[in-house]
There are 2 protein chains.
Amino acid sequence: MGKEEHPNISVDCVIFGFDFEKLNVILIERKLIEPDTGKRLINDYTLPGAHIFKDEPLKKAAQRILYDLTGLHDIYLEQFYTVGDPARLKNPVDQFWLECIGKDPAEHVVSVCYFSLLNCNQVTIQHKERNPRWYPLKDLPVLAFDHAHILDKAMTALRRKLQYEPIGFEMLPDKFTLSQLQKLYEVVFDTTIDKRNFRKKIARLKYLVQLDEKQQGVSHKPARYYIFSNEEYKKTRNNILNFTI
Amino acid sequence: MGKEEHPNISVDCVIFGFDFEKLNVILIERKLIEPDTGKRLINDYTLPGAHIFKDEPLKKAAQRILYDLTGLHDIYLEQFYTVGDPARLKNPVDQFWLECIGKDPAEHVVSVCYFSLLNCNQVTIQHKERNPRWYPLKDLPVLAFDHAHILDKAMTALRRKLQYEPIGFEMLPDKFTLSQLQKLYEVVFDTTIDKRNFRKKIARLKYLVQLDEKQQGVSHKPARYYIFSNEEYKKTRNNILNFTI
DNA sequence: CCAAAAGTGTTCAACTTACACCCATGT
DNA sequence: ACATGGGTGTAAGTTGAACACTTTTGG
């Protein structure tokens, strides 16, 4: 009961962050250096994750991981996948690592995976140990365990979700410009979007509310700010039945 | 190792079956009758599920459950959700039941949930114990544990999936008529579809191949059979970027 | 005045929706 | 002959895609 870790159940978090230019993800160093020779035995990266405590709900565990990294509660969080192949931690490097950090390498660990959405500029990552920081998705280092696979699934899940729910706002400040929103979609879907068509689409959405406020101190025509109105969204959300077959 | 059950990790299966009229799901009786009085202490229904064996992959466990119920391998199977709140099995009836079947009611059981798709008429459910059978989704009995919640999530996941991938075929025979396919969509989305518009849409899809073969022995104009061509689908699948924002 | 990003309309093609009748078969 | 479900086309409205120039600000 209480703070004892469950040996078989962990939670991994794919924390996406948008910095107005590209999409990033928080990774943590996994470094093991032989003290005598200075030789790097292990030098790669993992997603933030933790074993759940016994009697801790999965979502609470994910929120705990997020809080420890960002100091924030109430971050957008969504479960998207659970990995549970007994072979997933069985390669020699991972086995060696698990021994080094005092886990039983023989355990079958099922990992429940969540993704979260943030705006990079509104977060300062808390350093406790092992140096967590943002890495651009377009330029990732080598990932440990099956974390490349998990990240791939997370990306697919994010795109899917973004296709039917307006959660892009979670990666922007409360007030944002349409160009910022457009850039976000372009980055997530790795594409370019026509500015006029994009804005025409926005104009149809009642839950995107234009403010009187404008950008200040930019050396070009200042953009108008918009906010996302959740009330309007709830009213006008379209339960589309647009099946592809 | 081997056939020992993992006390904390289970797999539940939501097995959807289409019978050309409605959507059904396989449920299993949970019955407990007091021997003396004949009083029904428990009388409700559960989704098929099982604890995984130690060192068994999650998907293998799901396939095992499906095989035990249907005698079939290679059924469409998709993971959609994992429940892991320690409170999920803590109501008195469920606790009592767990004790009766020899499980430790205090364990925190994380359940990884899969849904599968079948055509009811092509399956005979294997009776081992506790009488599993099809129940119409529109007329469900009382469900045990948090299985009503899981079923709800499954239904949402099925609809979403059906909106961007043509997996409806998994609930039809290899050869099917367009009316059968239309009925399937109508039933899953609880709506009605215009016949001519539906068929116009189908005509655009190259992976729906019309056969020369027709229905036989029906007391009306016999319908042409169609098959789903996976090769064509892979060629023409559209990676649409149709975001709602 | 220059650089930088904001903002704005039109046209054409594709798709969606609504709608009614004849056809082939078994009984 | 009749009951049953199969099969077909058209017109109007809506949406998606392509495309270029003017505006506002800071430096």
Side-chain angles (χ1 to χ4, degrees), chain A residues 18-22 162-164 166 172-173 175-187 189 191-206 208-227 236 238-245, chain B residues 18-22 163-164 166 172-173 175-187 189 191-206 208-227 236-245:
Chain A
F18 179 59
D19 61 7
F20 301 111
E21 281 184 9
K22 58 195 181 319
L162 216 42
Q163 274 169 3
Y164 62 85
L172 290 169
K175 297 174 196 170
F176 51 86
T177 71
L178 292 191
S179 296
Q180 289 168 350
L181 184 62
Q182 182 179 335
K183 184 72 185 174
L184 170 64
Y185 278 92
E186 289 179 336
V187 158
F189 290 102
T191 185
T192 56
I193 303 175
D194 179 88
K195 207 204 301 189
R196 276 175 289 189
N197 292 340
F198 182 79
R199 291 163 111 95
K200 239 183 301 172
K201 193 156 184 170
I202 298 293
R204 283 202 294 271
L205 306 174
K206 301 202 187 89
L208 276 179
V209 183
Q210 193 181 102
L211 302 180
D212 289 332
E213 205 179 336
K214 288 180 185 178
Q215 275 182 322
Q216 300 227 333
V218 288
S219 73
H220 54 76
K221 179 169 175 176
R224 293 199 203 128
Y225 282 122
Y226 283 71
I227 54 166
T236 63
N238 45 357
N239 296 321
I240 351 164
L241 154 62
N242 184 18
F243 52 88
T244 313
I245 303 188
Chain B
F18 179 59
D19 61 7
F20 302 110
E21 282 184 10
K22 58 195 181 320
Q163 273 169 2
Y164 61 85
L172 291 170
K175 297 173 198 171
F176 51 87
T177 71
L178 291 191
S179 295
Q180 289 168 350
L181 185 62
Q182 181 179 337
K183 184 71 185 175
L184 170 63
Y185 279 91
E186 290 179 336
V187 159
F189 290 101
T191 185
T192 55
I193 304 174
D194 179 88
K195 207 204 304 188
R196 276 176 290 190
N197 293 340
F198 182 79
R199 291 162 112 94
K200 239 185 299 174
K201 193 156 186 172
I202 297 294
R204 283 201 294 272
L205 306 173
K206 301 202 186 89
L208 275 179
V209 183
Q210 192 181 98
L211 302 181
D212 290 331
E213 206 178 334
K214 289 179 183 177
Q215 276 184 321
Q216 301 225 332
V218 288
S219 75
H220 54 77
K221 181 169 174 178
R224 292 199 204 128
Y225 281 121
Y226 283 71
I227 54 167
T236 63
R237 87 193 300 163
N238 45 355
N239 297 322
I240 350 163
L241 155 60
N242 185 18
F243 53 87
T244 313
I245 303 187

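Order of the sequence lines sets the chain letters (A, B, ...), proteins ahead of strands, with each chain counted from 1.
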Rounded interatomic separation in angstrom, taking [atom1] from [X] and [atom2] from [N]:
X	N	atom1	atom2	answer
B:Tyr225	D:dG6	OH	P	11 Å
A:Ile202	C:dT8	CD1	P	13 Å
A:Phe20	C:dA5	CZ	C1'	15 Å
B:Phe176	D:dG6	CZ	C1'	16 Å
A:Phe198	C:dG9	CZ	P	18 Å
A:Gln182	C:dA6	CD	C1'	11 Å
B:Gln215	D:dG6	CD	P	7 Å
A:Ile193	D:dC19	CD1	C1'	17 Å

State which residues pass salt bridge (charged side-chain N to carboxylate O under 4.0 Å, His left out) with [X]; sequence neighbours excluded, sorted by chain then number.
X	answer
A:Lys175	A:Glu213
A:Lys206	none
A:Asp19	A:Lys22

Would you be so kind as to tabulate the donor-acceptor pairs closer than 3.5 Å made by side chains of residues 215-224 of chain A, with sequence neighbours excluded?
unit_1: A:Gln215; atom_1: OE1; unit_2: A:Ala223; atom_2: N; d: 3.1
unit_1: A:Arg224; atom_1: NH1; unit_2: A:Gln210; atom_2: OE1; d: 2.8

Any chance you could list the contact pattern along nucleotides 18-27 of chain C? Use B for base contacts, S for sugar-phosphate-only contacts and - for none, protein heavy atoms under 4.0 Å, 5' to 3'. BBB--BBBS-
Residues that B:Lys200 engages under side-chain hydrogen bond (donor to acceptor under 3.5 Å, both in side chains), provided they are two or more places apart: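 Listed in chain order: B:Asn197.
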Could you work out, with side-chain hydrogen bond (donor to acceptor under 3.5 Å, both in side chains) as the rule, every residue matching B:Gln180, not counting sequence neighbours?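 So B:Gln180 forms no side-chain hydrogen bond (donor to acceptor under 3.5 Å, both in side chains) with any residue.
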Could you work out, with side chain to side chain contact (heavy atoms under 4.5 Å, CB included) as the rule, every residue matching A:Arg196, not counting sequence neighbours?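 Here the qualifying residues are A:Asp194.
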Tell me what B:Arg199 touches on the nucleic acid: a base, only sugar-phosphate, or nothing, going by heavy atoms under 4.0 Å.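 Contact class for B:Arg199: base.
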From B:Ile202 atom CD1 to B:Leu181 atom CG, the distance as rounded to the nearest 0.5 Å: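 Result: 5.0 Å between the selected atoms.
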Nearest atoms (heavy-atom pairs only) where B:Ile193 meets B:Tyr185: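 Closest pair (atom of B:Ile193, atom of B:Tyr185, distance): CD1-CB, 3.8 Å.
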Taking five pairs at each end of the helix from C:dC1-D:dG27 to C:dT27-D:dA1, what angle separates the two helix axes (nearest 10°)?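 The helix from C:dC1-D:dG27 to C:dT27-D:dA1 shows an end-to-end axis angle of 0°.
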Examine C:dA6: is either OP1 or OP2 under 4.0 Å from a nitrogen or oxygen in the side chain of A:Ser179? Give yes or no.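 The answer is yes; a side-chain N or O of A:Ser179 sits under 4.0 Å from OP1 or OP2.
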